[in-house]
Chemist: 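This is the structure, below, for whatever I ask next.
Excluded from the calculations below are hydrogen atoms, water molecules and symmetry mates; all remaining heavy atoms, backbone and side chain alike, are included.
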Amino acid sequence: MSKPIINQSYRRRTVLKTMLASGALPLLSSGVVSSALAGGNRFAGRTLNLLIIQPHVVTGKKIAEDFEKLTGAKVNVTAVPYDQVSLKATLDFQSGAGEFDVIDYFYTYKGQLAEDGVIEDVTDLIEKDKAEIQPDDFIQTIYDQYTLHDGRRYGLPYDGDSHLLFYNKELFDRYGLKPPTTWDEYNENAKIITEAESRNGIYGAAVLGAKIPVIILSTYANRLTGFGGNFLKADGTSALDSAEAVEALKSLLASAPHALPTPLETRFEEGLPAFLSGKAAQIDFWTDLGGYAQDPKGSKIVDKWGVTRIPVGGANKTPRLAFNAGFGFAITSGSKNKDVAWELIKLATSKDYHEQLLTLTGSGIDPDRHSGLNSEKFKAFQPLVQPLLSDGALENSLAWPTAVYAPKLENALTDELALALAGTKNAEQAIADAHKAWTTIIEANG
């Protein structure tokens, strides 16, 4: 992930170019203009620098165009790989360069970013502008997990990421398969399709297993929550010393032989095109995939796909989602334009704007507000996905650790999962070693 960003572009770039060239990105509707932004060109001559993850490049462009149209401020957008945004923001702050004003931060890094002084405490700004922001409209679990650190808030939610299981109906019908309700059924489906179709370049699953926390941990988290496990116990200690944690990894390892080659090299960038081209029959992925799958500009499976809840495993019978990735917008402490930065964040995370982003193919944005999740536009745009999220699933999702030392936990578990996928360790040893590492990290920072 250290290559220049142009070489890492997620493979939907041809779709995005088509959208940009054709003017397919909708500009701001009149209903989105907030009272705070109604001052016309009051920020004319001001410039903001927005640091955003590569999968959000479509929304970054839209935000820049809309904000300049509303306020006169120019917004420069820098897109980086999703695993590098926090590091880039931290280096920018520590160097004193102060290049960026607003960052698109991964929620599990909020504690570290706050403690390191990289992002601003916006608690008082939220209170001052709460009538405009409508914080009660945010799904409470997301609002707290994404922004709250030591009783203070350091940003506003922007992308409420969670996963569902998507499948290729055409391939399932061909082999008489049903949408899996358990991870065993998922693995059996993958085996049947791969054995029959791999000679045609078609596999039973795309397993995102690249050694990047936001990738491999999302895949593991889906199985951990499916088996009824947790990352942490109620007292904040490691919960990886459980049978559920081991069984989750065993299930993941069992899927690897029947997955798109190879899971350790399968990222967001490889998994999504494989599914959209009909080369992968199953994929646990972010909920905005439903929009991509129905877009004929980039999908060969329009009307040929289905979606279901994340499967369960073992003794667990209750499906539960996980907050995999998930991003907020924060003001950087080094910004020289904090007033303008706050106005941009309010726009980008606002009720009406969130609905626009939810219904924009390529935005990469998933629900984080009740109003967006339950809006008629979102229901029409994502008729298969919306019901799977609107029954309290997001309120009860499994969150990843968010303490100051959370990145250390993520890296330790990522290393062990990757070793297991590589065949260097079995599931029991990898999870035992991860639990030991987590315990050491937590005790050292407790």
Chemist: When the ring planes of Y146 and Y107 are compared, do they come out parallel, tilted or perpendicular, using 30° and 60° as the limits?
Modeler: parallel
Chemist: Give, for atom CG of N187 and atom NZ of K191, the distance between the pair rounded to the nearest 0.5 Å.
Modeler: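 Here the rounded value is 10.5 Å.
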Chemist: Side-chain contact, heavy-atom cut-off 4.5 Å: F285 with S218?
Modeler: no
Chemist: So, using ring pair (Phe, Tyr, Trp, His ring centres under 6.0 Å) as the criterion, who are the partners of W286 when residues are at least two apart?
Modeler: H163, F268
Chemist: Apply side chain to side chain contact (heavy atoms under 4.5 Å, CB included) to the pair N230 and R320, showing each step before the final yes or no.
Modeler: CA-CA 11 Å; N230 290 288; R320 185 187 183 198; 3.1 Å; yes
Chemist: For a quick test of reading the model, state the closest non-hydrogen atom pair linking D137 to S371 and the distance between them.
Modeler: OD2-OG, 2.6 Å
Chemist: For W400 and P213, work out which heavy atoms get closest and say how close.
Modeler: CH2-O, 3.5 Å
Chemist: In plain terms, say whether K211 and D415 are close enough for a salt bridge, that is, a side-chain N and a carboxylate O under 4.0 Å apart.
Modeler: yes
Chemist: Can you tell me which residue pairs pass the ring pair (Phe, Tyr, Trp, His ring centres under 6.0 Å) test with a partner in residues 312-334, sequence neighbours excluded?
Modeler: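 Sorted result for residues 312-334: H56-F327, F106-F327, Y158-F329.
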Chemist: Counting only N and O atoms by type, is there a donor-acceptor contact under 3.5 Å from the side chain of T194 to the main-chain atoms of A190?
Modeler: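 Flag set: sc T194 to bb A190 pair under 3.5 Å.
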Chemist: Rounded to the nearest 0.5 Å, how far apart are NZ of K317 and OG1 of T181?
Modeler: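 Here the interatomic distance stands at 8.5 Å.
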Chemist: Counting heavy atoms not belonging to K128, are there more than 12 under 6.0 Å from its NZ?
Modeler: yes
Chemist: Who passes ring pair (Phe, Tyr, Trp, His ring centres under 6.0 Å) against Y203, sequence neighbours left out?
Modeler: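 If we apply the ring pair (Phe, Tyr, Trp, His ring centres under 6.0 Å) test to Y203, skipping adjacent residues, there are no hits.
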Chemist: How long is the gap from CD on E244 to CG on L249, to the nearest 0.5 Å?
Modeler: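 Separation between the atoms: 13.5 Å.
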Chemist: Could you tell me whether the side chain of T359 and the main chain of E355 form a donor-acceptor pair under 3.5 Å?
Modeler: yes
Chemist: Taking the six-membered ring of Y143 (Phe, Tyr or Trp), confirm whether the NZ or CZ of R153 is under 6.0 Å from its centre and within 45° of its axis.
Modeler: yes
Chemist: Any chance you could measure K379, atom NZ, to N374, atom CG, to the nearest 0.5 Å?
Modeler: 6.0 Å
Chemist: Is the shortest side-chain N to carboxylate O distance from R267 to D83 below 4.0 Å?
Modeler: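 Salt bridge absent between R267 and D83.
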Chemist: Can you list everything that forms a salt bridge (Lys or Arg N to Asp or Glu O under 4.0 Å) with K351? Sequence neighbours excluded, please.
Modeler: none
Chemist: Please step through side chain to side chain contact (heavy atoms under 4.5 Å, CB included) for the pair D368 and D161, ending with a clear verdict.
Modeler: CA-CA 8 Å; D368 61 36; D161 283 333; over 6 Å; no
Chemist: Rounded to the nearest 0.5 Å, what separates atom CG in L389 from atom CG in L321?
Modeler: 6.5 Å
Chemist: Any carboxylate oxygen within less than 4.0 angstrom of a Lys/Arg side-chain nitrogen, looking at E68 and K74?
Modeler: no
Chemist: Looking at residues at least two apart in the chain, or sitting in another chain, which of them share a side-chain hydrogen bond (donor to acceptor under 3.5 Å, both in side chains) with T219?
Modeler: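 Expected list: none.
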Chemist: To the nearest 0.5 angstrom, please state how far the CD1 atom of I139 sits from the CD atom of Q145.
Modeler: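 Here the interatomic distance stands at 13.0 Å.
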Chemist: Can you pull the salt bridge (Lys or Arg N to Asp or Glu O under 4.0 Å) pairs that have at least one residue in residues 275-291, sequence neighbours excluded?
Modeler: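 Every salt bridge (Lys or Arg N to Asp or Glu O under 4.0 Å) pair that includes a residue of residues 275-291, provided the two are not neighbours, is R223-D284.
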